[in-house]
Amino acid sequence: MAERSTAAVDVADNSGDEPLTAEADQSTADGVAQNRERDTEIDEAQGSGGTEGPEKASPLELHSGHKLARRYRLEECVTRLDGFSSWRAVDEKLRRAVGVHLLPADHSRARSVLAAARSAALLGDPRFVQVLDAVEENELVYVVHEWLPDAVELTTLLASGPMEPHDAYQMVSQIGSAMAAAHREGLAHLRLNPNAVLRTSSGQWRIRGLAVSAALRGISSATPQRTDTESVGALLYAGLTQRWPYESDAYGLAGLPKDVGLIAPDQVRANVHRGLSELSMRALANDGATASRHESPCTTPEELVKAIGEMPRIRPPEPTFTGPPEYQRTTYQQGTYGRPAPHPGATQPVPAPPAPLQSRTGKALKWAVSALLIAALGLGSWQLADALMDNGGKSDDTNKTQTTDGNNKGGGKNAPVTLLKIDNAQEYAAEGSLQAPGDTGLTYDGSSSTYWRTKSYNSGPKLAPYKPGVGIVYELSSPQTISTATIGLRYRGDHTTVHLYATDSLSPSTSVDGMKEIGTATTSGTSLTVKASNKLKTQYVLLWITDVPKAPQDSYSSAGYKQAVTDVKFTG
């Protein structure tokens with residue numbers, strides 16, 4: 001049987017749905033039926049719209065072992081409520097675990113569930129748990145989605161305490177960007193809560209139940225963008241305080257005290273990051289009454305992403321290292337070999353230092369050393385003066401090699417070079433799986449000892465046709481014209497090829513072929529400089545690697561064609 005996990009149950013979570021029957025409440029082997037609250041109370045607290053009444057259709061008579069489309073074998077009923085059921089199943093064709101939602105074809109929500117599932121499947125954004133199939137067959141409607149056995153719900157993460165500022169920043173940044181991308185395609189979630197947010201083993205945040213969760217429960221909203229933005233603010237609030245920002249308890253979290261109202265996270269708990277506290281209040285749309293600066297609220301995911309980009313980047317905590325134990329000399333090294341051991345408590349005499357060189361030989365040695373130092377200083381001064389004189393004579397030629405602005409008619413001044421600020425980064429995969437999506441921030445964290453690494457491939461240097469390339473999209477603080485990119489590499493060898501492209505977002509809407517190339521470069525060393533051949537103004541830059549060198553096995557991966565990236569800097 002496939003590995004059990006509640007990490008991909010999707011909408012069949014412990015978010016407070018009241019089952020239709022007592023048997024359904026006991027049927028959840030995952031334990032998700034425990035600690036339930038009423039779903040309508042939580043939705044009302046979040047402002048996510050009303051729900052329809054329970055469906056009158058009789059429950060489906062399904063059991064473990066039942067097959068759908070001669071392919072999906074039902075293994076375990078996770079939840080059965082409100083006329084639909086959710087199962088852990090096995091895709092026997094691809095031999096993998098999947099999740100399945102089932103409801104009768106005559107259910108009042110069957111049409112809307114099918115439409116929502118098919119719309120979500122077209123999005124194809126890896127930050128969302130993917131819908132794999134949506135079918136109406138044999139008087140049944142079922143939706144098949146990914147099952148992530150290595151992912152952990154935010155509810156579980158918060159059970160051990162509030163999040164570190166860097167973790168909370170990464171969560172709200174990734175979740176906010178994902179929801180902004182979804183709303184650009186006309187998709188809303190409307191049930192974004194701690195049970196719908198997952199963190200994978202690689203550190204990437206995933207969202208499940210996009211559009212489908214609300215459709216299964218008949219939830220709608222007149223202002224879907226504001227509803228989802230407020231939900232992201234509630235997630236950040238919970239991450240910072242381990243409290244739910246409403247009076248009712250929910251998702252294993254205690255609510256706020258009665259009759260106090262919505263107070264800032266830094267007033268609920270000590271040592272809360274002030275910038276994140278204000279950001280959560282702006283997302284909760286508290287009429288602009290943030291903790292201190294009274295800034296306008298964020299009512300759409302796009303406004304929230306912009307507010308996150310204006311914040312100073314929060315770096316991860318410094319790792320703590322334990323120093324090696326003090327070196328213990330042996331008695332032989334201490335010069336006591338063959339001597340009797342001292343009595344306990346006896347004061348040991350301190351050996352006197354050797355006398356300085358006072359003999360005739362010692363004085364001659366000191367004078368010789370002094371003379372050598374004086375001669376070295378004189379020689380160095382002479383060489384320095386000679387070099388300065390040479391450079392003075394060649395200054396005109398040197399200036400000719402400097403990069404100048406073509407529009408500068410005087411030609412006497414060099415164009416200023418500015419280091420461009422990177423606000424965010426996200427891995428981009430044109431085909432296949434991602435490489436290390438949780439490590440993209442390590443490429444511009446200012447440390448040369450941290451890397452984003454590709455997987456190890458059996459052939460190369462060119463990754464095609466097995467994979468067209470691998471890369472990272474960087475978000476600058478504002479649209480800029482890039483002149484140069486410098487990149488640190490871990491592995492040397494023949495050879496590494498990097499292309500820079502201008503794109504439209506962290507999740508590009510076009511393929512690499514549809515992007516405009518800024519420049520390209522190839523190296524066999526551990527550093528690479530890409531000079532712009534096309535002066536393009538963009539806020540999003542794709543660093544696209546198409547060739548990687550062959551490198552030996554190390555502590556990170558086996559021998560093969562691979563590369564690792566660090567210290568990425570853009571200048572304009």
Side-chain angles (χ1 to χ4, degrees), residues 1-2 4-33 36 39 51-94 96-121 128-148 191 195-196 208-219:
M1 292 178 60
R4 276 193 30 71
S5 171
T6 59
V9 176
D10 197 5
V11 297
D13 51 31
N14 59 345
S15 57
D17 298 283
E18 187 172 358
L20 290 180
T21 65
E23 291 181 0
D25 197 56
Q26 301 298 327
S27 66
T28 59
D30 285 340
V32 295
R36 292 180 176 270
D39 185 58
T51 61
E52 296 180 5
E55 176 61 33
K56 299 301 182 180
S58 59
L60 300 176
E61 295 298 331
L62 298 173
H63 55 82
S64 298
H66 183 90
K67 284 188 182 181
L68 301 172
R70 298 181 180 179
R71 175 175 179 176
Y72 304 112
R73 186 180 73 249
L74 303 182
E75 291 287 321
E76 179 184 12
C77 182
V78 179
T79 297
R80 189 191 305 272
L81 50 89
D82 205 17
F84 71 89
S85 60
S86 295
W87 294 74
R88 176 175 60 83
V90 174
D91 182 348
E92 294 186 337
K93 184 176 181 179
L94 298 179
R96 63 180 179 180
V98 294
V100 179
H101 306 307
L102 284 161
L103 68 164
D106 58 354
H107 196 289
S108 61
R109 301 172 195 157
R111 301 295 98 194
S112 59
V113 169
L114 272 177
R118 289 167 179 171
S119 298
F128 294 92
V129 173
Q130 299 296 297
V131 173
L132 306 176
D133 211 350
V135 180
E136 180 179 0
E137 180 182 68
N138 297 332
E139 300 182 354
L140 284 177
V141 168
Y142 59 89
V143 177
V144 183
H145 60 85
E146 282 184 294
W147 185 276
L148 306 176
R191 277 185 53 81
N195 290 326
R208 66 185 179 194
L210 178 67
V212 177
S213 181
L216 280 166
R217 289 166 172 80
I219 298 173

Could I get the full list of side-chain contact (heavy atoms from CB on, under 4.5 Å) partners for [X], not counting sequence neighbours?
| X | value |
| --- | --- |
| A121 | V131 |
| S119 | L187 |
| A115 | none |

Side chains of [X] and [Y]: closer than 4.5 Å at any heavy-atom pair?
| X | Y | result |
| --- | --- | --- |
| Y142 | Y72 | yes |
| H145 | R208 | no |
| H101 | V113 | no |

[X] to [Y] - nearest heavy-atom pair and separation:
| X | Y | answer |
| --- | --- | --- |
| A196 | R191 | CB-O, 3.9 Å |
| H63 | L74 | O-CB, 4.0 Å |
| G83 | P104 | O-CD, 3.4 Å |
| S85 | C77 | CB-SG, 4.5 Å |
| A134 | A117 | CB-CB, 3.8 Å |

If you measure from [atom1] on [X] to [atom2] on [Y], what distance do you get to the nearest 0.5 Å?
| X | Y | atom1 | atom2 | value |
| --- | --- | --- | --- | --- |
| R217 | R109 | CZ | CZ | 9.0 Å |
| L114 | L103 | CG | CG | 7.5 Å |
| E75 | H66 | CD | NE2 | 13.0 Å |

Apply salt bridge (charged side-chain N to carboxylate O under 4.0 Å, His left out) to R71 and list each qualifying residue two or more places apart in sequence or on a separate chain.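 R71 satisfies salt bridge (charged side-chain N to carboxylate O under 4.0 Å, His left out) with D91 only.
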Could you tell me which residues satisfy salt bridge (charged side-chain N to carboxylate O under 4.0 Å, His left out) with E136, sequence neighbours excluded, listed by chain and number?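 E136: salt bridge (charged side-chain N to carboxylate O under 4.0 Å, His left out) contacts with R111.
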Where do L68 and L102 land on the side-chain contact (heavy atoms from CB on, under 4.5 Å) test, with the steps shown first? CA-CA 10 Å; L68 301 172; L102 284 161; 3.8 Å; yes
Ignoring hydrogens and geometry, is there a side-chain-to-backbone donor-acceptor pair from E146 to Q130 under 3.5 Å?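 Flag set: sc E146 to bb Q130 pair under 3.5 Å.
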What's the verdict on side-chain contact (heavy atoms from CB on, under 4.5 Å) for V141 and H107, showing C-alpha distance, side-chain angles and the deciding distance? CA-CA 9 Å; V141 168; H107 196 289; over 6 Å; no
